[in-house]
Amino acid sequence: MSQSSGAADGREQSVLFRFGLQDRVALVTGGGQGIGAALADALGEAGARLLIADLDLGRAEHVVAGLRAKAIDAQAIRADVSNPGEIRAMVQAAVDRFGRLDIAFNNAGVNFNSAAEDTTVEEWDMTFAVNLRGVFLCCQEEAKVMLPQGRGVIINMASMSSLKVPHPQKQAAYNTAKAGVAHLTRSLATEWAGRGLRVNALSPGLIQTDLLQSDALRPLAERWITQIPMERFGQVTDLQAAIVFLACDGSSYMTGHNLVIDGGQSLW
Ligand SMILES: NC(=O)c1ccc[n+]([C@@H]2O[C@H](COP(=O)([O-])OP(=O)(O)OC[C@H]3O[C@@H](n4cnc5c(N)ncnc54)[C@H](O)[C@@H]3O)[C@@H](O)[C@H]2O)c1
């Protein structure tokens, strides 16, 4: 598949063709479970070859086994996105294995769900080291490969909490870091727009994954449902088409955007 959209207005290719990711190389952080695993699967189904990175190598290898069973070319790596050296090694591993890097989904994130008055310095720092500094350092290393290529797509995982303060769960550090991801995305999009890189963010609402299963959050489920106009939690499958859209040539005039998928929760 051609890497370009063909004619300046792309009309020589069918719209579904432009959704394809054939032979593109994608990196997914925190890809070992939950949203990262499901969205990696979507990128793979659309044609991408994948490096699945996770703090937990066993999880990443399990996801890779599932992808390979579907004839999707994939490789696992252990990488902690709070560690700058491991981020460098992760991006280099993608280039070593696949020869290039076209798509990066900076998805890894943590949430300690501590009340503001009880949040420790360690919790604050770890939230920012993974959710915001980690995203920045991933973008930086990915851009060092993509800028010389003259093209690339970065998608950063933000959250509905980048736009509004979810209630009643207490997660000031998380909300603040995710708001930072949204503005970081706009900043990088602006810096790199003229050099072939697009940078967008994804902001899910409440998606049923292990992240929502902590002791602090599980009891809130019934209350949350009343806050969601669609009256249900999101599933990881509700996000799959969005990642393919953001990664593909169909969104080629879109950068700096924060795409919200939350069943309408942030509308009111
Ligand atoms: N679940 C939701 O409702 C929801 C909503 C909005 C945004 N998000 C965001 O989506 C992302 C994924 O969330 P999820 O619900 O799939 O979470 P999850 O806890 O189910 O999975 C997160 C994965 O990231 C990995 N990880 C954690 N810290 C890491 C690190 N330092 N380096 C590399 N990998 C690391 C974990 O091992 C795990 O495999 C997070 O950034 C989260 O903030 C989730």
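By convention here, the first residue in the shown sequence is residue 1. Note that ligands are numbered from 1 as they come in the structure, with each ligand's atoms numbered from 1 the same way.
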Would you mind telling me if ligand 1 is within reach of the side chain of [X], the backbone, both or neither, using heavy atoms under 4.0 Å?
X    : answer
Q33  : both
V236 : neither
I207 : both
T209 : side chain
A79  : backbone
Q208 : neither
A37  : neither
N107 : both
M160 : neither

Determine the minimum heavy-atom distance between [X] and [Y], stating which atoms define it.
X    : Y    : result
R78  : L57  : N-CD1, 3.6 Å
R151 : L197 : C-CD1, 4.1 Å
A247 : V153 : O-CG2, 3.7 Å

message: Using 0.5 Å steps for rounding, measure from the CG atom of L21 to the CG atom of L50.
response: 9.5 Å

Under a 3.5 Å threshold, yes or no: a donor from one side chain and an acceptor from the other, between [X] and [Y]?
X    : Y    : value
T29  : N106 : no
H183 : R186 : yes
R198 : S251 : yes
S203 : N258 : yes
T127 : N131 : no
W224 : Q169 : yes

Write out the residue and atom name of the closest protein heavy atom to [atom], then the distance separating them to 0.1 Å.
atom                    : result
atom 17 (O) of ligand 1 : L211 CB, 3.7 Å
atom 32 (N) of ligand 1 : V81 N, 3.0 Å
atom 6 (C) of ligand 1  : P204 O, 3.4 Å
atom 38 (C) of ligand 1 : R59 NH1, 3.3 Å
atom 24 (O) of ligand 1 : G30 CA, 3.4 Å
atom 9 (C) of ligand 1  : M157 CG, 3.5 Å
atom 16 (O) of ligand 1 : I35 N, 2.8 Å

Contact with ligand 1 for [X], non-hydrogen, under 4.0 angstrom:
X    : result
D54  : yes
V110 : yes
Y174 : yes
G205 : yes

query: Out of I261, I87, L55, who gets a non-hydrogen atom closest to atom 26 (N) of ligand 1?
result: L55

Could you tell me if the side chain of [Y] sits less than 4.5 Å from the side chain of [X], heavy atoms only?
X    : Y    : result
T119 : F112 : no
L27  : M90  : yes
K170 : S114 : no

For [X], take its heavy atoms, then give the atoms of ligand 1 lying under 4.0 Å from any of them.
X    : answer
G109 : 40 (C), 41 (O)
A108 : 33 (C), 34 (N), 35 (C), 41 (O)
L206 : 3 (O)
V130 : 31 (N)
A158 : 7 (C)

task: Run through L184, N156, L246 and flag the one making a side chain to side chain contact (heavy atoms under 4.5 Å, CB included) with V199.
output: N156

query: Judging by distance only, is a nitrogen or oxygen of K178 under 3.5 angstrom from one on ligand 1?
result: yes

- prompt: D80 to ligand 1: N or O pair under 3.5 Å?
  reply: yes

- prompt: Would you say N200's side chain and H257's backbone share a donor-acceptor pair under 3.5 angstrom?
  reply: yes

field: Presence of salt bridge, R97 and D73, under 4.0 angstrom
entry: yes

